[in-house]
Amino acid sequence: MPELPEVEITRRGLLPDLAGKRVSALVVRQARLRYPVPPDLAQRMVGRVLAGVERRAKYLLFDFVDGVLLAHLGMSGSLRLVPTGAPLDKHDHVDIVFGSRALRLHDPRRFGALLWLTPPAQHHPLLAHLGVEPLSEAFTPQWLHRATRGRSAAIKQVLMDSRVVVGVGNIYASESLFRAGIDPRTPARRLSAARCARLVPAVKQTLEAALAAGGSSLRDFVHSDGSPGYFQQQYYVYDRDGQPCRKCAGTVRSLRQGNRSTFYCPRCQR
DNA sequence: CTGGTCACCTGGAAGC
DNA sequence: TGCTTCCAGGTGACCA
């Protein structure tokens, strides 16, 4: 499920319940995730107090005094708080136990990750080369214009390049380009300053809207079982091939870019 | 450096 | 009904 909004919603849901709590146990049932769960993770974490939870790109960073637990949800991961010892579902791979409650990682496809980073965490290879946060003030039209010079790849693929801007996945890349009225196949270097001035706010608005929608189902997202990640979220184009465009009543089309599906409205996006 | 392709893994839906 | 094929929200490795 997770693109940036889902990861941020998870972070906001966990923070008030877990900040200041001490890890009492770690249970690893399946260590084979994207990277192996470190064998010494329990030694690192048990007995330590969680100081806070941050997010960088789609990574969740659980801060402890002497290190950081990095979590990534991959394509299918979720983190939920459950009563300690709650019945297990298939693919419930790891429990981080905080006394009477446990943070449970569920991830059918196992593209997610749990790693221990020693300070300075931002120097870790997974974090060191990440681009700008799309919801930060650093993500400006001028910045995007400069970053796309010399890039012949399609703007949709550049939007999804985490060395440029982080957190924009396959759904929100299509949605953002629709909002901006830009053809996803446009070579990035050919985006004018004026088009960058449309695209940057479109990305921010798309992510903010998803955050607002997810926020309304936050309780379910974190606490209950198998809850939907989205609260009746309506997409403009994603997964709507052949259906009428919500703006012009033309027909939404799909194509493949770099082995990923792209959805767009040929009339609204040029 | 860039851009293109593939692999990792499981499960659900569609096709036959 | 059962088997096969395709597809899925991410991202790093590998190649030219």
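Chain A is the first sequence line, chain B the second, and so forth, proteins listed ahead of strands; every chain is numbered from 1. Values in this document were obtained by computation on a predicted structure and should not be read as measured data. FYI, side chains are in, hydrogens and waters are out, and symmetry mates aren't considered; it's all heavy atoms of this structure.
Distance, Asp107(A) CG to dT10(B) P: 11 Å, rounded to whole Å. Between Leu115(A) atom CG and dT11(C) atom P there is a gap of 14 Å when expressed in whole angstrom units. Between Arg34(A) atom CZ and dC9(B) atom C1' the separation is 11 Å, expressed in whole Å. Distance Lys90(A) NZ to dC9(B) P: 15 Å, rounded to the nearest Å. Between the NZ atom of Lys156(A) and the C1' atom of dG10(C) there is a distance of 12 Å, rounded to whole Å. Straight-line distance from the CD atom of Gln157(A) to the C1' atom of dG4(B): 8 Å, rounded to whole Å. For the pair Arg163(A) CZ and dG10(C) P, the interatomic distance rounds to 16 Å; values are reported in whole Å. Atom NE2 in His129(A) sits about 14 Å away from atom C1' in dT11(C), given to the nearest Å.
Geometrically, Lys204(A) does not engage Phe139(A) in a cation-pi contact defined by less than 6.0 Å to the ring centre and at most 45° from the axis.
In the set dT11(C), dG9(C), dG12(C), the nucleotide with an atom closest to the side chain of Tyr238(A) is dG9(C). Considering only side-chain atoms of Arg110(A), the nucleotide from dT10(B), dT11(C), dG12(C) that sits closest is dT10(B). Checking dT5(B), dG12(C), dT2(B) against the side-chain heavy atoms of Asn259(A) singles out dT5(B) as nearest. The side chain of His91(A) sits closest to dG11(B) out of dG9(C), dG4(B), dG11(B). Comparing dG10(C), dA8(C), dG9(C) against the side chain of Lys58(A) picks out dG10(C) as the nearest. Distance from the side chain of Asn170(A) is smallest to dG9(C) among dC7(C), dG9(C), dT2(B). Checked against dC9(B), dT11(C), dG3(B), the side chain of Arg151(A) finds its nearest nucleotide in dG3(B). Listed nucleotides dG9(C), dG3(B), dC9(B) differ in distance to Ser152(A); the shortest reach to its side chain belongs to dG3(B).
Contact annotation: Arg260(A) side-chain N/O to dT11(C) OP1/OP2 distance is not under 4.0 Å. Within the 4.0 Å cut-off from OP1 or OP2 of dA8(C), at least one side-chain nitrogen or oxygen of Arg256(A) is found. At least one side-chain nitrogen or oxygen of His72(A) sits closer than 4.0 Å to the OP1 or OP2 atom of dT11(C).
Using a 4.0 Å cut-off between a side-chain N of Lys or Arg and a carboxylate O of Asp or Glu, Arg104(A) and Asp89(A) do not qualify as a salt bridge. Between Glu133(A) and Arg56(A) there is a salt bridge, since at least one side-chain N of the basic residue sits less than 4.0 Å from a carboxylate O of the acidic one. Checked for salt-bridge contact, Arg101(A) and Asp17(A) meet the test: a charged N lies under 4.0 Å from a carboxylate O. A salt bridge between Asp183(A) and Lys156(A) is absent, with no side-chain N of the basic residue lying under 4.0 Å from a carboxylate O of the acidic one.
Figure legend. dC7(C) is base-paired to dG11(B); pairs are counted as Watson-Crick or G-U wobble with both atom distances under 3.5 Å.
Positionally, the nearest nucleotide of DNA chain C for Arg109(A) lies more toward the 5' end than for the other of Ser162(A) and Arg109(A). Nearest-nucleotide mapping onto DNA chain B: of Ala154(A) and Phe111(A), the residue sitting toward the 5' end is Ala154(A).
At the heavy-atom level, Arg189(A) lies nowhere under 4.0 Å from the strands shown. Ser261(A) comes within contact range of the sugar-phosphate backbone alone, with a heavy-atom separation under 4.0 Å but no base atom that close. Residue-level contact check: Gly169(A) touches the backbone only, with heavy atoms under 4.0 Å from sugar-phosphate atoms and none from bases.
Residues Thr148(A) and Arg189(A) have side chains not in contact (no heavy-atom distance under 4.5 Å, counting atoms from C-beta outward).
Comparing dC9(B) with dC3(C), their P atoms are spaced 24 Å from each other, to the whole Å.
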